[in-house]
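One structure is given here, and the rest of the page talks about it.
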Amino acid sequence: MGLGKSVGFKAKFSDFLLWTGLIVIIVALIVQFTTILVGYTKMPPTVTNPHKLWIPPDGAWVGLWTLLSTFTIQSNLLLLFFFCFVLTNRFYENRCLFVHGRFGLAITTYITITGVVFFGVLFKPLLKSLDTSDPISITNFVNTFLLHLVTPVIMVLYYLLTAGKYYWEYKKQAYLWTPIISIYMFAYLGYALAKGNFVGMVPKGKTEIDYSFPYSFLNFHDGLPTFFIYIGVILALYLVLIALFTLYNNLLYKKKNKSMVILRDNDV
């Protein structure tokens, strides 16, 4: 009886997290894109381009492109896709096994990195730039917490409640699946460095075109040692998270399947 109640509570709470996550992400993304459009200002008529960067045609779309180039927005869009996939998956008899498999592991890792890096590196600069007299600045500040704190916490809790459906062999996880899950991370890093190094932007209140790196710590022009330290720390964080989430999944699997003698890896 107690076990049934526990399972029932977990199912209901995971559904609550699922719907809450969907609503929070959708609202936060709409607000984020809206504030970009509302806060759009034309490029100053006279600007200097000391780094000889490519300047995209002026328009509100540049702000949207800049926003979409952030790991925060991309990881939250992936989380939105994941939650939508979980919902639609319920309507199919032959459900896709990977939804609560390594796909969920990847999304949980990405969004957790979003939260940890934000509060470890980017929170103080954001706090300093907050203009309490500007409604858009206040809105962005509140919205930032939704996308960097609320959604990561929701996904981590959801993962903790729904993991353990499959067993993942540690050796295979290390040499095969961790590199596969890492493809997006390195692809994003390559894109961010390329965009930042070749595309110019005009910072707010400035008349000089500067590099457009999504995050200041990616600007290797400010110093390669600092750049590599940040990348190294984030990579280490990423590997630790993968290891912890994998360990949790397998421990939960063993707990749910105590009678199982042979543990076989599931390719999902």
Side-chain angles (χ1 to χ4, degrees), residues 9-41 59-91 96 99-100 103-163 184-185 188 191-192 204 214-215 241 245:
F9 170 76
K10 286 184 178 180
K12 290 180 180 179
F13 190 55
S14 61
D15 280 348
F16 169 76
L17 292 171
L18 173 64
W19 285 105
T20 302
L22 274 171
I23 293 171
V24 169
I25 296 172
I26 291 173
V27 170
L29 289 176
I30 290 175
V31 171
Q32 196 75 51
F33 286 115
T34 301
T35 53
I36 289 294
L37 295 174
V38 172
Y40 161 70
T41 55
W61 75 274
V62 177
L64 296 178
W65 181 23
T66 300
L67 187 64
L68 286 169
S69 296
T70 63
F71 190 80
T72 296
I73 296 300
Q74 291 189 20
S75 60
N76 273 278
L77 284 172
L78 286 172
L79 181 54
L80 175 61
F81 174 76
F82 171 78
F83 281 148
C84 289
F85 211 110
V86 171
L87 283 178
T88 56
N89 200 44
R90 295 181 178 183
F91 298 101
C96 297
V99 173
H100 288 298
F103 181 46
L105 169 67
I107 301 301
T108 306
T109 305
Y110 301 154
I111 199 69
T112 303
I113 289 176
T114 295
V116 174
V117 172
F118 170 74
F119 283 101
V121 180
L122 305 171
F123 177 66
K124 284 186 178 180
L126 175 71
L127 198 59
K128 290 180 180 179
S129 65
L130 175 63
D131 182 1
T132 55
S133 63
D134 183 6
I136 292 181
S137 180
I138 296 174
T139 301
N140 280 331
F141 185 78
V142 174
N143 211 50
T144 296
F145 275 88
L146 294 179
L147 294 173
H148 292 87
L149 176 63
V150 177
T151 56
V153 168
I154 287 175
M155 184 56 200
V156 170
L157 290 175
Y158 185 81
Y159 178 84
L160 295 179
L161 290 172
T162 59
Y184 166 69
M185 297 285 293
Y188 174 80
Y191 164 76
K204 189 176 181 180
Y215 302 101
L241 289 174
F245 288 141

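All figures in this text were calculated on a predicted structure; none of them were measured in a lab. No hydrogens, no waters, no symmetry mates; every other heavy atom, side chains included, goes into these values. Residue indices begin at 1 and follow the sequence shown.
Looking at Gln74, its side chain does come within 3.5 Å of a backbone N or O of Leu68 through a donor-acceptor pair. Asn89 contributes no side-chain N or O that, together with a main-chain N or O of Phe85, makes up a donor-acceptor pair within less than 3.5 Å. The backbone N or O of Tyr110 lies less than 3.5 Å from a partner atom in the side chain of Thr114, making a donor-acceptor pair.
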Practice item. Could you walk me through whether Leu37 and Leu64 pass the side chain to side chain contact (heavy atoms under 4.5 Å, CB included) test, one step at a time? Key: CA-CA 8 Å; Leu37 295 174; Leu64 296 178; 3.9 Å; yes

Practice item. Could you walk me through whether Ile113 and Ser75 pass side chain to side chain contact (heavy atoms under 4.5 Å, CB included), step by step? Key: CA-CA 9 Å; Ile113 289 176; Ser75 60; over 6 Å; no

Point to revise | Audit row: Phe145, Phe123, side chain to side chain contact (heavy atoms under 4.5 Å, CB included) steps and yes/no | key: CA-CA 10 Å; Phe145 275 88; Phe123 177 66; 3.3 Å; yes

Check your understanding: Where do Leu80 and Asn76 land on the side chain to side chain contact (heavy atoms under 4.5 Å, CB included) test, with the steps shown first?
Key -> CA-CA 6 Å; Leu80 175 61; Asn76 273 278; over 6 Å; no

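With contacts defined as side-chain heavy-atom distances shorter than 4.5 Å, the pair Phe82/Tyr158 qualifies. Contact check for Leu87 versus Leu18: side-chain heavy atoms found under the 4.5 Å cut-off. Side-chain contact between Leu127 and Phe141 is present, with at least one heavy-atom pair separated by less than 4.5 Å. Put simply, the side chain of Tyr191 reaches to within 4.5 Å of the side chain of Ser69, judged on heavy atoms.
Here Trp19 contributes atom CH2 and Ile23 contributes atom CD1; the two are 8.0 Å apart, rounded to the nearest 0.5 Å. Here the straight-line distance linking atom CD1 of Ile111 with atom CE of Met155 works out to 9.0 Å at 0.5 Å rounding. One finds the OG atom of Ser137 at 8.0 Å from the CG atom of Leu126 (value rounded to the nearest 0.5 Å). We find the CG-CZ distance between Leu161 and Phe13 to be 6.5 Å, quoted to the nearest 0.5 Å. The OG1 atom of Thr70 sits 8.5 Å away from the CG atom of Leu147 when rounded to the nearest 0.5 Å. Put simply, CD on Gln32 and OG1 on Thr72 are 8.5 Å apart, with the number rounded to the nearest 0.5 Å.
For the side chain to side chain contact (heavy atoms under 4.5 Å, CB included) with Ile73, the lone residue among Leu78, Thr66, Leu29 that qualifies is Leu29. With respect to Thr35, the side chain to side chain donor-acceptor pair (under 3.5 Å) criterion is satisfied by exactly one of Thr139, Asn140, Asn143: Asn140. With Phe83 as reference, Ile154 is the one residue of Ile26, Ile107, Ile154 to meet the side chain to side chain contact (heavy atoms under 4.5 Å, CB included) rule.
More than 12 heavy-atom neighbours from other residues, nucleotides or ligands sit within 6.0 angstrom of CH2 on Trp61.
Legend: residues meeting salt bridge (Lys or Arg N to Asp or Glu O under 4.0 Å) with Asp131, ordered by chain and number and at least two apart, are absent. In this structure, Tyr188 has no side chain to side chain donor-acceptor pair (under 3.5 Å) partners at least two apart in sequence or on a different chain.
Using modelled atom types, one finds no donor on one side chain facing an acceptor on the other under 3.5 Å when comparing Thr109 with Tyr184.
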